[in-house]
J.: 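If you scroll down you'll find the structure; I have some questions about it.
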Amino acid sequence: PPVSLSGFVSFRIDQKQMMASTSSNMDQDAHSGAAISAAAAAASASGGAAAVSLDEIKSTQKVQRVAAHSHITGLGLNSDGTAVGDSVVCGLVGQAQARESAGLVVDLIRARKMAGRALLLAGAPGTGKTALAMGIAQELGPQVPFCPMVGSEVYSTEVKKTEVLMENFRRAIGLRIKEVKEVYEGQLTELTPLETENQFGGYGKTISEVQIELKTTKGTKRVKLDPSIYEGIQKEKIRTGDVIYIEANSGAVKRIGRCDVYSTEVELEAEEYVPLPKGEVFKMKEVVQDVTLHDLDMANAHPQGGKDIISMMGNIMKATKTEITDKLRSEINKIVNGYIEEGVAELIPGVLFIDEVHMLDAEVFTYLGRALESSLAPIVILATNRGHTTVRGTDIISPHGIPVDILDRLMIIRTEPYTPAEMSRIIHIRAQVEGLTLEQDALQYIGQVAERASLRYAIQLLTPGKIVSALSGNVSISAAHIQEVDELFLDAKRSATMLRENQEGYLR
């Protein structure tokens, strides 16, 4: 059913041209296959914005790159909620009490009992606060929105501080919309793009159509697709053997996973294996689309302009970032609440993780307290490594640089410093993630470096040590390689000592 925002905006799923044709009409014109039709509607008589299709709402979720915490896969808890002992599970080492506390928070989030509440991770630098937050995100799974940010992100010259904070609040609130769509679903057994000469000249060729073959438990079907759908197949990194579905109305391609008949293969990355789809290839299927409230805000904040020169120039001259009005957000909230009551959509409170929260000032903390009390509020996790310090923008000294009235709303989890044995195990895990082979003496030496300097500095020596070992013709990294790299670079403590001993040689 259409979603109307009372003249402001409407989300509408248009009846579009069928995106694929069966093998019986494979001999038709190459351009008579699937084509993505434009989803546009005229503005309403009351001056409303153009219609926005749900298929056109692009996710604004931040992409996470492979970084320092990419090895974290969970909290490492037993079924009774206790932390696993000495064995390294889910990439986390030590911090048993903090992990058990975080496990209780995960249970509260899953039970929908913690919306609008906040959690504070407090501890010294390098004690695993961000790793703990990543573990919570992994435990919740990909269906629960997790929006990480840093306290300094709220300061911008283009928009207000409170707008940046509210934008991330809305990013952390998910909306699951269920729709029944006509789809082609099955295991991809053949993918053949057909090329023709470029009609505009030149040496390159263009793809005229794409022929695929989908397989289910009831048989196979050959489908001819428009070239524009081939771009979606490439973006999803789909290959032969994957289970996919293609929406007939919009041409959207979705990769479900790898077919379980290939589960015995050795893959470089962990694959999600799914069974061969049942039934016919062409079917009516309930498709679940996950969006966030911020996605809805962004899809409706900008009016849909025309394709004339004036409209295109207006889009170019527009500011790179604009504020979303509270009036639009309130209208979207009304419609969202209505659809939740009708059972069409389901609200999923996610997690907003604010690292270095002491960077926020008194005004933002005041707004944060108000936002936590709103009806649509996510679970907020804060992290800081400060002790007693001033609240930014004031002369008030407060624990962790957070006003006392905000601290009263928080449940606080403390992280403990790592022991030398735990640091050695963390370094061993990082070496495995980066594909490095450490000899036993190298692991002992780099553990001593971590104890002397810091864990972060010791981890940074791994990749340079690999380069030194490769230059010497060795496959594994020895203690001599780590020692050579350690002599080339200074850690923070040695650098501070050198500055103290040679103060006269530097400007003040």
J.: Given Arg171 and Met149, is the side-chain contact (heavy atoms from CB on, under 4.5 Å) satisfied, shown in steps?
T.: CA-CA 11 Å; Arg171 265 199 188 102; Met149 64 172 291; over 6 Å; no
J.: side-chain contact (heavy atoms from CB on, under 4.5 Å) between Leu455 and Ile427: does it pass, once the steps are laid out?
T.: CA-CA 8 Å; Leu455 178 61; Ile427 293 170; 3.9 Å; yes
J.: Nearest 0.5 Å please: distance from the SG atom of Cys259 over to the CD1 atom of Ile244.
T.: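 Interatomic distance, Cys259 SG to Ile244 CD1, rounded to 0.5 Å: 12.0 Å.
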J.: Please name the pair of heavy atoms, one in Thr390 and one in Ile397, separated by the smallest distance, quoted to 0.1 Å.
T.: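 Minimum heavy-atom separation between Thr390 and Ile397: CG2-CG1, 3.8 Å.
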J.: For residues Asp361 and Tyr155, determine if any side-chain heavy atom of one lies less than 4.5 Å from a side-chain heavy atom of the other.
T.: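 Yes. Closest side-chain heavy atoms under 4.5 Å.
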J.: Please indicate whether Lys254 has more than 12 foreign heavy atoms, meaning atoms of other residues, nucleotides or ligands, lying under 6.0 Å from its NZ.
T.: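 Not more than 12 within 6.0 Å, no.
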J.: Could you tell me whether the side chain of His400 and the main chain of Arg386 form a donor-acceptor pair under 3.5 Å?
T.: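 Judged by distance alone, yes, a pair lies under 3.5 Å.
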J.: So does Asp395 have more than 12 non-hydrogen atoms from other groups sitting under 6.0 Å from CG?
T.: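 No, because the 6.0 Å sphere around CG of Asp395 holds 12 heavy atoms or fewer from other groups.
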J.: Side chains of Thr463 and Glu434 only: does a donor on one sit below 3.5 Å from an acceptor on the other?
T.: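 Side-chain D/A pair, Thr463 to Glu434: present.
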J.: How long is the straight-line distance from CD of Glu231 back to CD1 of Ile233, given to the nearest 0.5 Å?
T.: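 If we round to the nearest 0.5 Å, Ile233:CD1 and Glu231:CD are 10.5 Å apart.
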J.: So, taking the atom named CD1 in Ile381 and the one named CZ in Phe146, what distance separates them when rounded to the nearest 0.5 Å?
T.: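 The distance works out to 6.0 Å.
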J.: Please answer whether the main-chain N or O of Val93 pairs with a side-chain N or O of Arg99 as donor and acceptor at a distance below 3.5 Å.
T.: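 Such a contact is absent between Arg99 side chain and Val93 backbone.
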J.: Answer yes or no: are there more than 12 heavy-atom neighbours, outside Asp326 itself, under 6.0 Å from its atom CG?
T.: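 For Asp326, atom CG is not crowded (no more than 12 foreign heavy atoms under 6.0 Å).
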J.: On a heavy-atom basis, which atom in Glu422 and which in Pro417 lie closest, and how many Å separate them?
T.: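 Here Glu422 and Pro417 meet closest at OE1-O, 4.5 Å.
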J.: Of all the heavy-atom pairs spanning Ala442 and Ile477, show the shortest one and how long it is.
T.: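 The answer is CB-O, 3.3 Å.
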J.: Donor-acceptor check, side chain of Ser424 to backbone of Pro420, threshold 3.5 angstrom: yes or no?
T.: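 Yes: the side chain of Ser424 pairs with the backbone of Pro420.
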J.: Report yes if some heavy atom in the side chain of Leu214 is under 4.5 Å from a heavy atom in the side chain of Leu188; otherwise report no.
T.: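 They are in contact (side-chain heavy atoms under 4.5 Å apart), so the answer is yes.
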J.: Is a donor from one side chain sitting under 3.5 angstrom from an acceptor on the other, for Thr292 and Asp295?
T.: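 Note: Thr292 and Asp295 side chains meet the donor-acceptor criterion.
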J.: With distance as the sole test, does Asp242 use its side chain to make a donor-acceptor pair with the main-chain N or O of Arg239 at under 3.5 Å?
T.: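 Side chain of Asp242 to backbone of Arg239, a donor-acceptor pair under 3.5 Å: yes, one is there.
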J.: Does the pair Met498 and Asn502 meet the rule for a side-chain contact (heavy atoms from CB on, under 4.5 Å), with working shown?
T.: CA-CA 6 Å; Met498 186 190 68; Asn502 303 278; 3.7 Å; yes
J.: Can you tell if the side chain of Gln95 reaches within under 4.5 Å of the side chain of Glu416, non-hydrogen atoms only?
T.: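 Gln95 vs Glu416: side chains touch.
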J.: Heavy-atom distance under 4.5 Å between the side chains of Val243 and Pro277, does that happen here?
T.: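 Side-chain contact under 4.5 Å: yes.
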J.: Looking at CD1 of Ile109 and CD1 of Ile379, how far apart are the two atoms once the value is rounded to the nearest 0.5 Å?
T.: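 One gets 4.5 Å once the value is rounded to the nearest 0.5 Å.
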J.: Does the side chain of Leu140 reach to within under 4.5 Å of the side chain of Arg110, using non-hydrogen atoms?
T.: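 In short, these two side chains touch, coming nearer than 4.5 Å.
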J.: To the closest 0.5 Å, what do you measure between CG (Leu410) and CG (Leu372)?
T.: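 It is 8.0 Å, given to the nearest 0.5 Å.
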J.: Might you point out which heavy atoms bring Val357 and Phe365 nearest each other, and give the distance in Å?
T.: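 So the minimum-distance heavy-atom pair works out to O-CZ, 3.5 Å.
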J.: Measuring from Gln187:CD to Leu276:CG, what's the distance to the nearest 0.5 Å?
T.: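 Result: 5.5 Å between the selected atoms.
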J.: Between Tyr367 and Lys161, is there a cation-pi geometry (under 6.0 Å to ring centre, at most 45° from the normal)?
T.: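 Because its charged atom misses either the 6.0 Å distance or the 45° angle limit, Lys161 does not stack over Tyr367.
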J.: Less than 4.0 Å between a side-chain N and a carboxylate O, is that true for Arg392 and Glu356?
T.: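 Between Arg392 and Glu356 there is no salt bridge, as every charged N stays at least 4.0 Å from the carboxylate O atoms.
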J.: Around atom CZ of Arg452, are there more than 12 heavy atoms of other residues, nucleotides or ligands at under 6.0 Å?
T.: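 Yes, the 6.0 Å shell around CZ holds more than 12 heavy atoms from other groups.
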J.: Stepwise, does the side-chain contact (heavy atoms from CB on, under 4.5 Å) test hold for Met359 with Val150?
T.: CA-CA 8 Å; Met359 293 297 296; Val150 185; 5.9 Å; no
J.: So which heavy atom on Gly103 is nearest to which on Leu77, and how close?
T.: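 What the structure gives for the nearest pair is CA-CD1, 3.5 Å.
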J.: Does atom CD of Gln97 have more than 12 heavy-atom neighbours, drawn from other residues, nucleotides or ligands, at distances under 6.0 Å?
T.: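 No.
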J.: Taking C-beta and beyond as the side chain, do Leu382 and Leu119 meet within less than 4.5 Å on heavy atoms?
T.: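 SC-SC contact between Leu382 and Leu119 ruled out.
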J.: Shortest non-hydrogen contact from Ala345 to Ile177?
T.: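 Where Ala345 meets Ile177 most closely, the heavy atoms are CB-CG1, 4.3 Å.
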J.: With sequence neighbours excluded, what pairs up with Arg494 under the side chain to side chain donor-acceptor pair (under 3.5 Å) test?
T.: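 Result, side chain to side chain donor-acceptor pair (under 3.5 Å) vs Arg494: Tyr457, Asp486, Asp491.
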J.: Check for a donor-acceptor pair, side chain of Ser250 on one end and backbone N or O of Glu247 on the other, with a separation under 3.5 Å.
T.: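 Between the backbone of Glu247 and the side chain of Ser250 there is no qualifying donor-acceptor contact (under 3.5 Å).
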J.: Does a side-chain heavy-atom distance below 4.5 Å link Phe169 with Val380?
T.: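 Yes, close enough: below the 4.5 Å cut-off.
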J.: If the threshold is 4.0 Å, N to carboxylate O, is there a salt bridge linking Arg409 and Glu373?
T.: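 Looking at Glu373 together with Arg409, the answer is yes, because their closest N to O distance falls below 4.0 Å.
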J.: For residues 474-485, which residue pairs pass the side chain to side chain donor-acceptor pair (under 3.5 Å) check, not counting sequence neighbours?
T.: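 Qualifying pairs: Glu439-Ser476, Ser472-Asn474, Ser472-His481, Asn474-His481, Ser478-His481.
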J.: Kindly indicate whether the side chain of Arg170, heavy atoms from C-beta on, has any atom under 4.5 Å from the side chain of Ile332.
T.: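 Sidechains of Ile332 and Arg170: in contact.
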